[in-house]
Amino acid sequence: MNWSPVSRPAALSLPPWLAHALRTQRGPVPWSAVTRGALAAGPLLLAGVLSGRTALGVLAAIAAMLAGINDRPGSRRASVRRLGVPALAGALGLLVGTYTGQVLSAVPLTLLLTVLGLVAGGISAVGPVASAAGTQLLVASAIGAGMPAAESGWQRALAFLAGAGWLLLLRLALPTPGSLAGDFRFDGEREAVADVYDAVAALLDAVGTDTATARRAALTAALDHAQDALAGPRLRRYAGSAAERRLHAQYAAALPLAEAATALAWAGEPVSARAAEGPRRLAAAVRGNTGTGPLPAPTRSAPALRALDDALLRAAEAFDRTEDGAHRLLARRRGVRDAVRAALGTGGREYGLRVALCFGASAAVAQALHHTRWYGQHQHWYWLPATAVFLVKPDLGPLASRVLSRAAGTVLGALVFAGFAAVLPRPEGLIVLVAVCGALIPVATRNFAALTTVVTVLVLALVMVGGESQASASRIGETLLACVIVLIVGHLPMPGERGGGVRARLAAAASAAHAYLVHVLSESGDRTERWALRREAYRTLAEARTAIALAAAELPALARHTEGTDAVAAVLERLVDTTTACAVHLDDTGHLTPRHTRQLQELLDELEQRQEWVGPPAAA
């Protein structure tokens with residue numbers, strides 16, 4: 001994720017955790033997502049009120065709000081998994097929470113929620129979609145257990161699925177800017193593939209400069225995004241239309257171009273501007289769904305330049321075909337066994353224990369306050385454990401940054417809602433407020449504090465429509481209490497070594513890098529296999545880099561556990577870059593130069609000295 005700091009004096013040096021809290025993403029307003037948000041939670045709440053099923057309308061609106069948080073840029077096909085899987089997990093959590101909350105007393109219910117937190121925390125280590133699913137599972141279980149209602153558990157679960165399903169239906173049915181420019185079926189897919197070619201051109205422009213490393217990382221991100229956009233669920237194994245097969249072929253044609261560009265960046269010798277013109281024309285052809293026309297050929301004075309020229313010729317052939325045969329998309333090499341290994345590995349165990357402790361402790365405290373009526377008569381105690389779930393998620397930023405952003409956002413949101421509640425008619429004005437907040441969520445996701453502010457206003461409006469009186473003050477108190485719990489648990493010593501998440505990501509990146517290296521040195525002629533291994537090596541490295549950056553921005557007491565990991569990631573990146581250069585050179589000449597072999601040996605020796613982070617080296 002790319003972050004850009006908000007305006008502040010250049011001379012002011014802020015600690016990393018505070019700087020992270022003040023950063024926000026930049027980019028154009030996602031108007032299509034804003035429209036979907038406006039048509040989701042508010043209309044669902046209105047339907048519930050008009051039908052006399054206000055409680056179910058509130059749950060459907062909550063589900064649409066949570067789906068809206070996950071409604072990020074990408075293709076329609078990718079959105080099915082990104083929105084659908086967490087929604088199913090949320091419905092299951094609501095079902096479990098409702099029935100167990102009705103039959104269990106406080107102590108066994110707390111123990112059950114703690115075990116649920118352990119499971120969901122481990123699952124969250126698998127990947128972004130699994131993390132969102134784990135979050136919704138816990139939030140919905142807290143709501144089911146802590147929000148009493150007359151409806152049965154299965155009715156509430158169906159209402160939750162209907163709310164998330166409504167937003168997913170809007171995502172699939174409404175046009176987006178990308179789809180209006182061409183085929184309605186391809187919105188994010190076509191733009192994602194075009195971005196890959198643009199990233200290749202940008203890397204070629206940067207060859208021999210200090211920005212080459214950053215441009216190569218941007219190319220990896222573009223390839224990851226295109227891979228996800230094209231690899232969503234489908235009814236058939238292969239692309240079902242000529243247009244989709246052609247788009248897949250255009251993505252596949254970008255892989256050798258990316259390989260050649262990476263080899264040129266490794267060599268470090270600047271290339272002429274003519275070399276980048278071909279990929280740029282290919283990007284324009286993808287966006288316009290047109291032919292490429294004549295492509296300027298680069299000089300063929302070096303192996304990587306010859307590989308670039310050959311890749312351009314093959315790409316031109318792929319673009320000019322009006323029909324392509326069945327093409328198997330190059331997808332991630334992840335299966336059920338890999339997911340289980342991630343959930344039960346060091347990262348999953350560490351995160352699972354912290355989530356379990358935070359969720360269980362906050363549920364226990366919330367029920368104690370509820371049963372003693374410490375803060376009055378209001379019956380909904382779910383806010384405290386639900387807040388703890390969001391606070392304990394490491395993919396939302398460093399711990400101190402999350403706590404600060406959540407506290408500030410909740411206070412501001414509660415004050416804003418108190419002002420609106422004093423003047424808006426009920427329930428009409430509150431329903432409009434919910435619709436406005438739903439429209440703001442896609443923009444607010446760029447900063448955690450802003451998102452917390454919008455979500456706080458939206459949820460307070462929902463619970464007031466559902467019959468709860470003004471609860472701004474209690475929500476502020478519960479949020480601050482959740483912040484304290486998560487801060488304490490976040491700094492507690494855990495069994496095993498700290499930094500388990502970073503350690504697991506680095507080990508996965510090292511394993512993928514070694515698999516890629518072994519394949520290249522075996523001089524196998526299977527280029528599809530080579531490109532798949534290369535994609536996995538760079539992708540796991542990008543995930544490790546993200547985890548390392550977040551860990552480095554923690555408070556010093558936590559950041560010290562992952563010191564030096566950025567240097568390990570840099571060595572792995574150089575190894576994968578060198579392996580790519582070796583692959584291109586072997587294709588052209590059939591043998592490696594002394595420079596290639598020397599660098600490979602030096603990098604492998606350096607990794608062997610850092611076995612505590614990446615594990616024992618694989619045989620090459």
Side-chain angles (χ1 to χ4, degrees), residues 33 36-51 53-72 79-99 101 120 129-147 149 151-174 380 382-383 385-387 389-390 430-431 433-442 444-445 451 454-466:
R36 292 193 295 272
L39 296 176
L44 288 170
L45 179 60
L46 177 62
V49 172
L50 294 178
S51 64
R53 310 301 295 267
T54 301
L56 295 181
V58 168
L59 286 174
I62 290 175
M65 175 199 72
L66 293 173
I69 295 174
N70 295 324
D71 187 13
R72 302 301 176 90
S79 70
V80 174
R81 180 184 292 115
R82 189 186 305 117
L83 303 183
V85 173
L88 290 173
L92 175 62
L94 196 60
L95 199 66
V96 172
T98 299
Y99 286 120
V129 174
S131 179
T135 298
Q136 288 204 29
L137 175 68
L138 296 182
V139 170
S141 64
I143 292 174
M147 180 188 286
E151 291 77 16
S152 62
W154 67 266
Q155 288 177 312
R156 302 175 87 181
L158 285 178
F160 190 93
L161 282 177
W166 172 244
L167 183 67
L168 179 56
L169 180 63
L170 292 175
R171 178 67 183 89
L172 297 175
L174 293 181
H380 303 82
Y382 63 86
W383 186 273
T387 298
V389 171
F390 285 107
L430 295 177
I431 293 174
L433 183 60
V434 168
V436 171
C437 289
L440 291 176
I441 282 177
T445 53
L451 178 62
V454 173
V455 168
T456 299
V457 175
L458 192 154
V459 172
L460 288 175
L462 287 176
V463 297
M464 182 170 283
V465 172

How about [X] and [Y]: do any of their side-chain heavy atoms sit closer than 4.5 Å?
X	Y	answer
Ile143	Leu59	yes
Leu440	Val457	no
Val459	Met65	yes
Val455	Ile69	yes
Phe390	Val139	yes
Val463	Val58	no

Which distance, rounded to the nearest 0.5 Å, do you find between the [atom1] of [X] and the [atom2] of [Y]?
X	Y	atom1	atom2	value
Leu161	Trp154	CG	CH2	12.5 Å
Leu167	Arg171	CG	CZ	9.5 Å
Leu169	Arg36	CG	CZ	11.5 Å
Leu66	Ile441	CG	CD1	8.5 Å
Leu45	Leu462	CG	CG	5.5 Å
Met147	Trp383	CE	CH2	10.0 Å

query = So which heavy atom on Ala64 is nearest to which on Ala40, and how close?
reply = CB-CB, 4.0 Å
request  = Work out which heavy atom in Leu44 is nearest to a heavy atom in Ala60; give both atom names and the distance.
outcome  = CD1-O, 3.7 Å
key: Test log, rule side-chain contact (heavy atoms from CB on, under 4.5 Å), inputs Glu151 and Thr98   = CA-CA 9 Å; Glu151 291 77 16; Thr98 299; over 6 Å; no
